Asker: 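Take a look at this one; I'll ask things after.
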Amino acid sequence: MLDEVIGLQQLKVLHLNDTKMALGSHRDIHTRIGEGIIPSVGLRTILIDPRVAHVSVLLETPIKTDDKDKEDWEHDAQQIAIARTLMQHHIPS
């Protein structure tokens, strides 16, 4: 549909996140990759589609914090690694 309306060549950025809410819920509740309801195969299908190879991908997931509200940057590094793996054409077994 996006391709028909504006053309995928016009798409410049994708924001990547999982979600807690189903399509049609009218709620945009982002969650970390693998912690929501979108199967990783679905995310991967979009990310490796050659029609969007020109698009920048921004990871837009909540920052994990500990009990003292300290940000867990190691967890964010893991999220980036997951995103990079999803973008590979061949996932190592």
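Remember, it's a predicted structure, so these values are computed and weren't measured experimentally.
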Asker: When rounded to the nearest 0.5 angstrom, what distance separates CG in L11 from NE2 in H54?
Answerer: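 Rounded to the nearest 0.5 Å, the CG-NE2 separation comes to 5.5 Å.
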Asker: Restricting to side chain to side chain contact (heavy atoms under 4.5 Å, CB included), what partner residues turn up for V5, sequence neighbours left out?
Answerer: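 Here the qualifying residues are M1.
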Asker: Taking only residues at least two apart or on different chains, which pairs with a member in residues 17-42 satisfy salt bridge (Lys or Arg N to Asp or Glu O under 4.0 Å)?
Answerer: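 Of all non-adjacent pairs touching residues 17-42, those that pass salt bridge (Lys or Arg N to Asp or Glu O under 4.0 Å) are R32-E35.
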Asker: Check N17 against L43 and note the closest heavy-atom contact, atom names and distance.
Answerer: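 Reported closest heavy-atom pair: O-CD2, 4.0 Å.
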Asker: Could you tell me which residues satisfy side chain to side chain donor-acceptor pair (under 3.5 Å) with E60, sequence neighbours excluded, listed by chain and number?
Answerer: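 Checked E60 against side chain to side chain donor-acceptor pair (under 3.5 Å); matches are H15.
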Asker: Which residues pass the side chain to side chain contact (heavy atoms under 4.5 Å, CB included) test with E71, not counting sequence neighbours?
Answerer: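 Residues passing side chain to side chain contact (heavy atoms under 4.5 Å, CB included) with E71: I63, T65, W73.
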Asker: So which of Q78, K70, E74, H75 actually passes side-chain contact (heavy atoms from CB on, under 4.5 Å) with K64?
Answerer: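 Answer after filtering Q78, K70, E74, H75: H75.
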Asker: With ILVMFWY side chains joined below 4.5 Å, transitively, what does M21's cluster contain besides itself?
Answerer: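 Same cluster as M21: I29.
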Asker: Minimum heavy-atom separation for Q79 to T61, with atom names?
Answerer: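 Of all heavy-atom pairs spanning Q79 and T61, the closest is OE1-CG2, 3.9 Å.
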Asker: Are the side chains of L2 and L8 in contact, using a 4.5 Å heavy-atom criterion?
Answerer: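 Sidechains of L2 and L8: in contact.
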Asker: Could you walk me through whether R51 and D49 pass the salt bridge (charged side-chain N to carboxylate O under 4.0 Å, His left out) test, one step at a time?
Answerer: CA-CA 5 Å; R51 297 173 299 166; D49 190 315; 2.7 Å; yes
Asker: Sequence neighbours excluded, which residues qualify as side chain to side chain donor-acceptor pair (under 3.5 Å) partners of R84?
Answerer: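 With sequence neighbours excluded, R84 shows a side chain to side chain donor-acceptor pair (under 3.5 Å) to no residue whatsoever.
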Asker: Given I33, which of I82, I38, T85, I80 fulfils the side-chain contact (heavy atoms from CB on, under 4.5 Å) condition?
Answerer: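 Exactly one candidate clears the test, I82.
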Asker: Kindly write out the residues that satisfy side chain to side chain contact (heavy atoms under 4.5 Å, CB included) with L47, not counting sequence neighbours, or none if the list is empty.
Answerer: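 L47 satisfies side chain to side chain contact (heavy atoms under 4.5 Å, CB included) with L16, V57, L86, M87 only.
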Asker: What pairs of residues pass the ring-ring contact (aromatic ring centres under 6.0 Å, His included) test when at least one of them lies in residues 32-52, not counting sequence neighbours?
Answerer: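 Qualifying pairs: none.
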Asker: Show me the pairs that pass side chain to side chain donor-acceptor pair (under 3.5 Å) and involve residues 1-13, at least two apart or across chains.
Answerer: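 Side chain to side chain donor-acceptor pair (under 3.5 Å) check on residues 1-13 returns no pairs.
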